[in-house]
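Values below: every heavy atom of this structure, side chains too, minus hydrogens, waters and symmetry copies. Since the structure is predicted, the reported quantities are computational estimates derived from the model, not experimental observations.
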Amino acid sequence: MPVGITIELKIRDLAETIKKLRKEEKEELLLLLSGEAREIVQRLRDIKVKKIKTLTRKEILKDVF
């Protein structure tokens with residue numbers, strides 16, 4: 001049986017709450033709002049099931065040194 005609720009928030013209250021978030025929480029919120037979160041979650045799943053391989057540190061920094 002589905003249950004629905006309605007929440008009323010004032011924009012100022014929401015803004016104050018966002019201001020109080022830690023940097024990591026703000027980054028996560030940005031990802032969720034931008035729609036990129038799904039893509040990142042899918043990439044993480046692909047890595048876990050070995051569908052894709054992550055680069056090694058040496059591969060990442062090969063052109064730096």
With a 4.5 Å heavy-atom cut-off, do Glu25 and Arg22 have their side chains touching? yes
Would you indicate whether Ile40, at its atom CD1, is surrounded by more than 12 heavy atoms from other residues, nucleotides or ligands within a distance under 6.0 Å? yes
Between Ile47 and Leu55, is there a shared hydrophobic cluster once you connect ILVMFWY residues whose side-chain heavy atoms come closer than 4.5 Å? no
Just how far is it from atom CD of Glu27 to atom CG of Leu32, taken to the nearest 0.5 Å? 12.0 Å
With sequence neighbours left out, the residues meeting side chain to side chain contact (heavy atoms under 4.5 Å, CB included) with Arg38 are none
With heavy-atom distances below 4.5 Å as the criterion, would you say the side chains of Arg45 and Val49 are in contact? no
Do you reckon Ile18 sits in the same ILVMFWY cluster as Ile11, going by side-chain contacts under 4.5 Å, direct or chained? no
Taking 4.0 angstrom as the limit, do Lys19 and Glu16 come out as a salt bridge? yes
Please determine whether the number of non-hydrogen atoms from other residues, nucleotides or ligands lying under 6.0 Å from atom CD of Glu28 exceeds 12. no
Suppose we screen for side chain to side chain contact (heavy atoms under 4.5 Å, CB included). Which residues come up paired with Arg43, at least two apart in sequence or across chains? Glu39
Is there a path of hydrophobic side-chain contacts, each under 4.5 Å between heavy atoms, that joins Leu9 and Ile5? yes
What about Val41 and Ile52, same hydrophobic cluster or not, with Ile/Leu/Val/Met/Phe/Trp/Tyr joined at side-chain heavy-atom distances under 4.5 Å? no
